[in-house]
Amino acid sequence: MALRFVGIDPETGQQGSPTIWVNQEKHELVLQGWKADEELNAQCAATVIPGHAPGIPPHEAVIRIPARMVPMLREACDVAERAGL
């Protein structure tokens, strides 16, 4: 797998490590974040989005990424775009 590391939460310490990569082979952004709690999962699952199936499929997950990582998300998007992904 051709993963390119982009960044890790600068405040990660020992309490988890939200991380962002770009998979150049599969043309994907790869995000590691904190698991959503049951309340957030329920809120996301209950949100009605036109043209989208309700709920969260078993093969998907809701994760949380701290807003302080927005610059890294932008960088990951730029990396993917420059690579023609």
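Not measured: the values here are computed from a predicted model. Worth knowing before you read on, the calculation uses all heavy atoms, side chains too, and leaves out hydrogens, waters and symmetry mates.
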Could you tell me which non-hydrogen atom of [X] sits nearest to which non-hydrogen atom of [Y], and how far apart they are?
{"X": "Thr12", "Y": "Pro18", "result": "OG1-CD, 4.3 Å"}
{"X": "Leu29", "Y": "Cys77", "result": "CD1-SG, 4.0 Å"}
{"X": "Trp21", "Y": "Phe5", "result": "CD1-CA, 3.5 Å"}
{"X": "Pro10", "Y": "Met72", "result": "CD-CE, 3.6 Å"}
{"X": "Gln24", "Y": "Val79", "result": "NE2-CG1, 4.0 Å"}

Problem - Apart from Trp34 itself, residues in the same hydrophobic cluster as defined by side-chain heavy atoms under 4.5 Å - result: none
Exercise for the section: Quick one: name the residues clustered hydrophobically with Ile56, using the 4.5 Å side-chain heavy-atom rule over I, L, V, M, F, W, Y, and just say none if it's on its own. Expected result: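 Listed partners: Leu40, Val62.
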Practice task
Quickly, which of Thr19, Ile8, Val6, Ile20 forms a side chain to side chain contact (heavy atoms under 4.5 Å, CB included) with Met69? Name it, please.
Solution key: Ile20
Problem - Straight-line distance of Arg64 CZ to Leu31 CG, nearest 0.5 Å - result: 14.0 Å
Practice task
Keeping to residues at least two apart or across chains, list the side chain to side chain donor-acceptor pair (under 3.5 Å) pairs with something in residues 37-52.
Solution key: none
Problem - Gln32: partners by side-chain hydrogen bond (donor to acceptor under 3.5 Å, both in side chains), with sequence neighbours left out - result: Ser17
Exercise for the section: Report the residues that fulfil side-chain hydrogen bond (donor to acceptor under 3.5 Å, both in side chains) with Arg68, sequence neighbours left out, ordered by chain and then residue number. Expected result: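 Testing Arg68 for side-chain hydrogen bond (donor to acceptor under 3.5 Å, both in side chains), a comparison that skips the adjacent residues, returns Asp9.
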Handout entry: Qualifying residues under side-chain contact (heavy atoms from CB on, under 4.5 Å), relative to Pro57, sequence neighbours excluded
Key = His59, Glu60
Exercise for the section: Could you tell me whether the side chain of Val30 reaches within less than 4.5 Å of the side chain of Val22, counting heavy atoms only? Expected result: no
